[in-house]
Each structure stands twice: as C-alpha cells, then as structure tokens.
Protein chains: 4
Amino acid sequence: MKADVEHSDRPRPRTKRLPRSVRERQILDAAVDVFAAHGFHQASMDEISEVAGISKPMIYAYLGSKEELFVACIQREAARLLDAIRGAVDTGLRPDQQLWRGLRSFFEYTQQYRSSWAVLHRQANAQGEPFSIELAQWRSRTRDVIAMLLARATESAEQQMQPEQMQPFAAALVGAGESLVDWWLDNPDHTADGMAMRLMNMVWMGFGDLVEGRDWKPE
Amino acid sequence: MKADVEHSDRPRPRTKRLPRSVRERQILDAAVDVFAAHGFHQASMDEISEVAGISKPMIYAYLGSKEELFVACIQREAARLLDAIRGAVDTGLRPDQQLWRGLRSFFEYTQQYRSSWAVLHRQANAQGEPFSIELAQWRSRTRDVIAMLLARATESAEQQMQPEQMQPFAAALVGAGESLVDWWLDNPDHTADGMAMRLMNMVWMGFGDLVEGRDWKPE
Amino acid sequence: MKADVEHSDRPRPRTKRLPRSVRERQILDAAVDVFAAHGFHQASMDEISEVAGISKPMIYAYLGSKEELFVACIQREAARLLDAIRGAVDTGLRPDQQLWRGLRSFFEYTQQYRSSWAVLHRQANAQGEPFSIELAQWRSRTRDVIAMLLARATESAEQQMQPEQMQPFAAALVGAGESLVDWWLDNPDHTADGMAMRLMNMVWMGFGDLVEGRDWKPE
Amino acid sequence: MKADVEHSDRPRPRTKRLPRSVRERQILDAAVDVFAAHGFHQASMDEISEVAGISKPMIYAYLGSKEELFVACIQREAARLLDAIRGAVDTGLRPDQQLWRGLRSFFEYTQQYRSSWAVLHRQANAQGEPFSIELAQWRSRTRDVIAMLLARATESAEQQMQPEQMQPFAAALVGAGESLVDWWLDNPDHTADGMAMRLMNMVWMGFGDLVEGRDWKPE
DNA sequence: TATGAATGAGTATTCATTCAT
DNA sequence: GATGAATGAATACTCATTCAT
C-alpha cells in the first residue's frame with residue numbers, strides 16, 4: 001500500500017474563485033509533496049489534484065502537463081534552496097566562514113523542508129527522462145555556487161585557481177553533502193551545525209592543504 | 001521518442017533450449033540495460049524481453065514480477081561493484097594505499113559498466129519504498145567497507161577511532177564519489193586514476209589533519 | 001465461436017454526459033447480460049464496456065474491479081428476485097395460498113428475466129470463494145422467507161413448528177424450484193402457473209397423495 | 001489467496017514408467033480435486049500437473065485438452081454416482097422403498113466424495129461453456145433414473161403414468177436433493193439416513209400430510 | 001516414455017489528458 | 001472560472017499448449 005500523503009478531510013471550499021497566483025501555489029505545494037512521496041511516475045495527477053483540493057482541469061490550465069508541472073516544482077524548489085544558501089553567505093566574511101555559512105544553511109534547509117529536498121535529491125538523478133535537462137541544470141547551478149566559494153578561498157594563496165578548476169571539487173562537495181543528509185535522516189541525533197562542521201572538517205582541511213601545495217600522490 | 005536500447009534485429013534463435021542459469025543471466029543483462037536507459041517505470045517488460053531475446057513468460061517464470069526483476073538487478077550489480085572494490089584493496093598495504101586502490105577501482109568500474117552504475121545510482125534512488133530497502137542495504141554495506149578502511153588509517157595515530165565513528169565520513173566519501181562520477185560523465189577527458197586522485201586529495205589530506213588533531217572550528 | 005451478446009453497431013453517442021446513477025445502471029444491465037451469457041471468467045471487461053456503450057475506465061471508476069462488478073450484479077439481481085417473491089405474498093391469505101403466490105411469482109420472474117436468473121443460478125454457483133459468500137447470503141435469505149411461510153402453515157396445526165425447524169424443508173423447496181426452472185428452459189411449453197402448480201402438488205400434497213388421486217388446486 | 005489443494009511434498013517418483021491406466025487415474029483424481037476446489041476456469045493445468053505428480057505434456061498426451069480433461073472428470077464422477085444409486089435400488093422392493101434406498105445412497109455418496117460432488121453440482125450449471133452439453137447429459141440421465149423410480153410407483157395405482165410425465169417431478173426431486181446437500185454441509189449434525197428421510201417425507205408424503213401428523217417411515 | 005523449456009495470445013487495470021456543461 | 005464525466009492508449013501478468021531433448 002502506498003503511504004499516502006496526508007489528505008485533509010475538511011470539505012475543501014469548491015468553486016471558490018481565487019486569484020491565479022494562489023491557485024498555482026496550492027498546486028505546486030501539493031505536487032511537491034506527492035512527487036516527493038511517490039516519485040514522478042508513481043505520482044498520479046488524481047492524487048495531486050486531491051491533495052491540492054483543486055480539480056484536474058485547473059491544474060492542466062495553470063501548470064500544463066504532468067511533466068511541466070514536475071519541472072515547475074523542481075525549478076521552484078531549486079531556487080528556494082539556492083536562495084537559502086546564497087542568502088546565508090556574507091561576502092564580507094573570510095572564505096572559510098562563507099563556506100561554513102553556506103553548508104550550515106544547506107543542512108538547515110534540508111532538515112526543514114523534507115519534501116523539497118526529497119524531490120530535488122531523490123528524483124533529480126533519474127535519467128532518460130525528458131526533464132533530466134532541468135535537473136542537470138539545477139545540479140550545475142549548485143555546483144557553480146560552491147565552486148565560486150571555493151575559488152574565492154584561493155584568492156590570497158600563492159596559486160590562485162579559477163572557478164572552472166574547482167568544478168570537480170564542488171561536485172564532490174555537493175555529493176558529500178547530499179549523502180551526509182541521507183545519513184543524517186537515519187541518525188537524527190545531530191544538529192545542523194554538527195553536520196556542517198563534519199563536512200567542513202573533512203573538506204576544508206584537506207582543501208587547505210591543497211591550496212598550500214601539499215598534495216597526496218600514489219607511491 | 002525514447003532512445004531505445006539497441007535491438008538486434010537478426011532473428012533470435014527461438015526455441016533453443018538453454019539451461020535456466022544461462023537464461024537468467026541473459027535476462028538480467030537485458031534488464032540492467034533497459035532499466036538503466038529508461039528507469040524502472042518507463043522500462044517495459046516487453047522491451048526487456050525483446051532485448052533479451054526471450055519471451056515474457058520465461059522472465060516471469062524465472063525472475064518473477066517486474067519489481068522482483070529490478071531488485072535482482074540491483075542486487076547483482078551492487079554485489080559486483082562491492083566485489084570490485086573489495087578485490088582491489090590489499091590489506092597488506094598502507095592505509096592510504098588501500099583507500100587509493102579502492103577508490104580507483106570504483107571509478108574504473110563505473111567507467112566500464114555504465115549501465116550497472118546507472119541502475120544503482122540513478123534509477124534505484126528515484127523509486128519509492130520497495131526498492132529503497134535494497135539500495136539502502138547496498139549503501140550501508142559500501143559505507144561499512146569505507147568506514148573500516150578509514151578506521152584502519154587511524155590505527156597508528158594518537159587517537160584511534162572506531163569504525164562506527166567513521167560512518168558519517170564514509171557516507172560523505174561515498175556521496176562525493178558518486179557525485180564525481182556524475183561530473184565525470186559530462187567531462188570524460190579524465191582518467192579513472194585522475195578522478196580517484198582528486199578524491200584522495202580532497203578527502204585524505206583533510207582526514208589526515210583530523211587524525212593529527214588539527215580541526216576546523218567556526219569562529 | 002462465442003455466442004456473443006448482441007452488440008448494437010449504431011455508433012453509440014459517446015461523450016454524452018450522463019449522471020453517475022444512470023451510467024451505473026447501464027453498466028450493471030450490460031454486465032448481467034454478459035455474465036449470464038459467458039460466465040464470470042469468460043466474460044471480458046471489453047465486451048461489457050462495448051455492450052454498455054461506456055468505456056472501461058468509467059466501469060472501473062464507478063463499479064470497481066471485475067469481481068466487484070460481478071458481486072454488484074449478484075446483489076442487485078438477488079434483491080430484485082426476493083422483492084418479487086415478497087411482493088407477491090399477501091399475508092392475509094391462507095398459508096398454502098401464500099406459498100402458491102410466492103412460487104408462482106418465482107417462476108414468472110425467472111421466465112421474464114432470463115439473464116438475471118442465469119447469473120444468480122448458473123454463474124454465481126460455479127465460481128470459487130469470493131462470490132459464494134454473496135450467493136450463500138442470497139440463498140439463506142430466500143430460505144428464510146420460505147421457511148417462514150412454511151412455519152406459518154403449521155400455526156393452526158396440532159404440532160406447531162418453528163421457522164428454524166423448517167430450514168431444511170425450505171432448502172429442499174428452493175432447490176426443487178431452481179431445478180424445475182432448468183427443466184422448464186428445456187421444455188418451455190408450460191406456463192409459469194403450471195410450473196408452480198407442479199411444485200405445489202409435489203411439495204404440499206406429497207407424491208403419495210398424488211398417486212392416490214388427491215391433488216392440490218388453487219382456489 | 002487460493003485455498004490450494006493439498007500438495008504432497010514427498011518427492012514424487014519421477015520418470016517412473018507406469019502403465020497408462022494408472023497414470024490416467026492419477027491425473028483424473030488430481031483434476032477432480034483441483035476442479036472441485038477452484039472451478040473450471042480458475043483451475044490451472046500447472047496445478048493439476050503438480051497435484052498429480054505428472055508433467056503437463058503427459059496430461060495432454062493422455063487426456064487431451066483442458067476441456068477434454070474436464071469432460072472426462074465429469075463423465076467418470078457422474079458414472080460413479082449413478083452406479084452408487086442404481087446399485088442401492090433393489091427392484092424387488094416396494095416403490096417407496098426403492099426411492100428411499102436411492103436417496104439414502106445419494107446422500108451417502110455426497111458425504112463421502114466431496115470433490116466428486118462439488119465438480120458435478122457446482123460446475124454442472126455453468127452455461128455458455130463448450131462442455132455444457134456433457135453436463136446437461138449427466139443431469140438428464142440422473143433425472144431419467146429418478147423418473148423411472150417414480151413411474152414404477154404408479155404401476156399399481158389407478159392412473160398409471162409414463163416416465164416422461166415424471167420428468168419434471170424427477171427434476172424437482174434432484175434439485176431438492178442437491179440443495180439439501182448444500183444445507184447439510186453447513187449443518188453437518190445429521191446422518192445421511194436423516195437427510196434421506198427428510199426428503200422422503202417431504203416429497204413422498206407431502207407437506208400437507210406432515211402438518212396433519214402423517215409422516216413416512218422406513219419399514 | 002517423460003519433461004523442462006518455451007511462447008502466442010489474451011485480459012484486467014491504470015492514468016494522463018480533454019470536453020461538455 | 002471550475003468541474004464531473006469521459007476515454008485512448010499502454011502495460012503487467014497469466015495460461016493453455018507445444019517442442020526439443
């Protein structure tokens with residue numbers, strides 16, 4: 001049996017004319033929950049319409065096809081997450097502090113908005129899907145933000161590095177973060193601060209060595 | 001249009017009686033390819049049977065339902081990957097060398113067996129409950145292997161650490177590895193060695209600092 | 001070749017929006033006919049939807065699965081038949097007259113609603129567990145009605161009998177009736193009155209009486 | 001879930017060459033059980049072959065298609081039941097005694113051979129089936145036997161009756177018997193003798209007689 | 001003789017999407 | 001604007017039956 005998304009049973013006020021923007025938000029909220037719970041293919045437009053309290057034809061009128069709806073979800077949630085991270089980074093601070101703030105707000109966000117994160121993370125990898133482009137774009141943007149933070153950290157070092165060179169490191173950092181969140185879900189006795197510090201310690205210290213010219217080589 | 005898995009159009013030798021074990025392998029091979037290409041829900045049993053050159057009833061008779069078939073794929077591919085990693089680690093070597101070998105063979109494997117990796121990483125993740133168990137088990141086992149490697153690395157240090165304490169680091173490392181592979185697919189002008197070295201540099205150096213008592217703290 | 005239920009080939013007025021209750025009746029009517037003609041397993045939802053002039057999804061939306069649809073048929077037809085019998089019994093009459101009216105209306109009903117009877121008697125019987133419950137309930141209710149009639153007939157007699165004691169007799173009477181209807185279908189040159197009288201004579205008077213020339217006649 | 005027919009788990013002696021007649025009996029025994037348990041359509045050849053301990057190709061070689069197998073089951077079981085009844089009737093006895101003996105052995109048989117009876121009774125009504133002819137023939141033969149017994153009972157009476165005239169009475173009697181057996185299954189605290197007497201009293205004496213205190217007793 | 005291996009053909013069921021009201 | 005009614009198209013799964021060994 002599906003673990004259904006909670007349906008509120010209070011009679012929804014049908015035929016209440018609401019402005020388009022409100023309707024769209026209702027729909028997106030419901031869609032994010034349902035997609036997060038069941039994944040794209042398992043999610044049914046019927047359930048989304050039920051959870052949203054809005055009939056299917058309205059969903060099609062406002063947000064288009066199921067695919068377009070999913071893309072809209074991804075875009076909104078990705079923007080939210082990126083905004084949260086960007087908002088936490090104060091460019092006046094020292095580079096490591098900037099990274100620290102970014103990571104901490106990332107963990108805080110994932111803790112607070114489970115569905116949002118589930119849609120981005122769980123569904124984001126599915127390939128062969130028509131919307132994989134959207135998903136790849138989100139990943140790429142996230143990497144760019146992190147890569148920029150990392151590049152800034154080398155500004156004062158001997159060997160300055162360009163953001164492009166930081167891309168694989170950023171990718172690894174994002175992946176490490178995602179994976180740590182998964183582990184966190186199973187081991188919730190940690191604070192967002194604690195998680196962010198773990199990641200900082202793991203990445204930053206090693207990164208610092210690199211910046212200073214100490215690197216590891218196989219025998 | 002679906003980017004269909006290549007169908008050989010030469011008339012497959014039907015009614016050739018082959019032993020069950022051979023057929024099962026053929027089916028799993030085909031299933032991994034198709035699931036990797038389209039994902040679980042988009043993959044149709046019809047296509048799998050066509051690619052395998054075996055009729056659907058045999059698939060059901062040997063491997064059970066679509067879900068069971070998918071799980072069988074996950075299990076086989078997960079075991080293969082783990083075996084590859086374990087086989088590469090020579091416990092006689094220095095800890096960093098062990099980790100290096102493990103990571104390198106991980107990247108080599110993902111490079112060589114694209115479908116296998118795609119099924120494990122991209123598709124299995126995206127699905128809901130029924131498969132998450134299988135996938136979680138694999139993740140957990142992989143983490144255990146890595147955590148053990150990391151713990152070994154502290155044996156000669158002042159502050160020895162238990163494998164359990166290494167779990168979040170292992171999680172981060174696995175996530176970083178997965179994410180790097182994704183990046184690699186889009187930027188294939190790198191060797192498996194190069195990718196593994198990047199990860200070593202990122203993780204090992206930082207880890208080394210930790211072991212020696214240097215850690216990062218927020219202001 | 002299947003002896004298909006007559007399909008009207010004039011293009012059915014698709015997309016005509018009708019209220020749910022009307023559609024449900026149409027579906028049940030068609031289903032009773034098709035189930036009566038082919039039996040539960042041989043009947044296909046495709047044919048039912050074709051005969052009903054309604055697409056399959058509507059059938060599933062309104063009446064549920066094939067099994068539920070069959071049960072719904074059984075229930076509706078059983079209720080109809082019982083109503084017909086109950087409606088014919090005038091409790092003001094003499095007991096034998098009441099029985100006579102009940103039996104006569106039973107035969108009339110089976111004659112008039114062939115499909116209805118076929119579903120109840122021929123098809124529901126042949127199936128396994130899931131339906132036997134429904135059918136058993138109907139049988140039981142029918143027996144109760146008959147047993148009550150029989151018990152009433154003893155009210156003025158020396159040895160009054162309770163309805164429960166009449167149960168096996170009622171069972172036998174119902175079975176005799178069902179079987180007579182079968183025979184009647186192969187020998188249709190008899191009226192419903194004639195059939196009911198045969199049964200009255202057999203049951204009420206007793207065969208021994210018949211042999212000796214004593215028979216029962218309606219007033 | 002199906003209430004499966006009990007499968008013996010002791011390893012059946014495969015490839016043991018047995019004479020055809022033995023194999024055929026094994027198959028028919030299994031088929032009767034499976035058909036009785038699930039009905040014709042729900043019964044699968046796979047299950048029959050499993051219960052019989054004989055591979056499917058042998059079943060097809062010996063008994064033909066599923067339909068032919070079913071017909072063979074009906075014919076064998078019908079013959080057995082008829083033989084049991086015929087064997088119990090001693091033509092030297094008084095007519096009522098003959099009927100009594102026949103009925104009693106009928107109830108004894110149904111009690112002893114549940115599967116046999118279930119196949120004949122439960123499946124016997126299915127119409128629209130290719131084998132309904134066989135089933136109708138069995139019913140007809142049973143009626144003939146009973147009708148003959150009834151006709152004999154009128155030999156000494158003023159108004160002798162022909163067996164054909166007795167057909168509807170025989171039909172009713174058979175139906176009453178079948179129905180009583182069903183009731184008996186739910187109320188097993190009665191002996192075969194008791195059931196047969198109930199039927200005699202009902203049919204032979206007539207309900208009217210019963211009410212007035214005249215009942216039938218075996219000698 | 002005996003069977004594991006193999007399949008064609010069929011069927012219940014679901015779901016995204018649209019239209020009449 | 002808002003929705004109940006409606007469906008085409010797709011797909012997982014089953015089963016009687018046959019054939020190579």
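Quick caveat, the model's predicted, so the values are computed rather than measured.
Between D:Ile48 atom CD1 and F:dC15 atom P the separation is 12 Å, expressed in whole Å. One atom, OH of A:Tyr60, and another, C1' of E:dA20, lie 18 Å apart when rounded to the nearest Å. Atom NE2 of A:His41 and atom P of F:dA12 are 12 Å apart (whole Å). Counting to the nearest Å, the P atom of F:dC15 and the CG atom of D:Leu69 are 16 Å from each other. Distance NZ (D:Lys56) to C1' (F:dA20): 16 Å, rounded to an integer number of Å. The separation between D:Lys66 atom NZ and F:dT18 atom P is 15 Å, rounded to whole Å. As a whole-Å value, the separation of B:Glu50 CD from E:dG8 P is 12 Å. As rounded to whole Å, 17 Å separates atom P of F:dT11 from atom CG of C:Asp46.
Candidate nucleotides E:dA12, E:dT7, F:dT7 were compared by shortest atom distance to the side chain of C:Ile54, and F:dT7 ranks first. Picking from E:dA2, E:dT13, F:dA12 the nucleotide with the shortest atom distance to the side chain of C:Ser65 gives E:dT13. For D:Pro57, the side-chain atoms get nearest to E:dT3 when compared with the rest of E:dA16, E:dT3, F:dC13. Of the listed nucleotides (F:dA2, E:dT17, E:dA6), E:dA6 has the atom at the smallest distance from the side chain of B:Ser55.
The side chain to side chain donor-acceptor pair (under 3.5 Å) test applied to D:Lys66 returns no partner, not counting sequence neighbours. Residues passing the salt bridge (Lys or Arg N to Asp or Glu O under 4.0 Å) test with A:Arg25, sequence neighbours excluded: none.
Contact between the side-chain N/O atoms of D:Arg20 and the OP1/OP2 oxygens of E:dT1 is not found at any separation under 4.0 Å. Phosphate proximity of E:dA6 to B:Tyr62: present, with a side-chain N or O under 4.0 Å from OP1 or OP2. Contact check, D:Arg23 against E:dT1: no side-chain N or O comes under 4.0 Å of OP1 or OP2.
Ring orientation note: the planes of A:Phe70 and A:Phe35 are nearly perpendicular, at an angle over 60° on the 30°/60° scale. Ring geometry for C:His41 versus D:His41: interplanar angle of 30 to 60°, hence tilted.
The minimum heavy-atom distance linking B:Arg20 with B:Ala61 is given by the pair NH2-O, 4.0 Å. Taking every heavy atom of both residues into account, A:His38 and A:Ala43 meet most closely at CB-N, 3.9 Å. The shortest heavy-atom contact between D:Val32 and D:Val119 is O-CG2, 3.5 Å.
Residue contacts for C:Met58: at a heavy-atom cut-off of 4.0 Å it reaches a base atom on one of the strands shown.
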Point to revise | Dot-bracket encoding of pairs in DNA chain F, which uses [ ] for pseudoknotted crossings and | for another strand, Watson-Crick or G-U under 3.5 angstrom | key: .||||||||||||||||||||
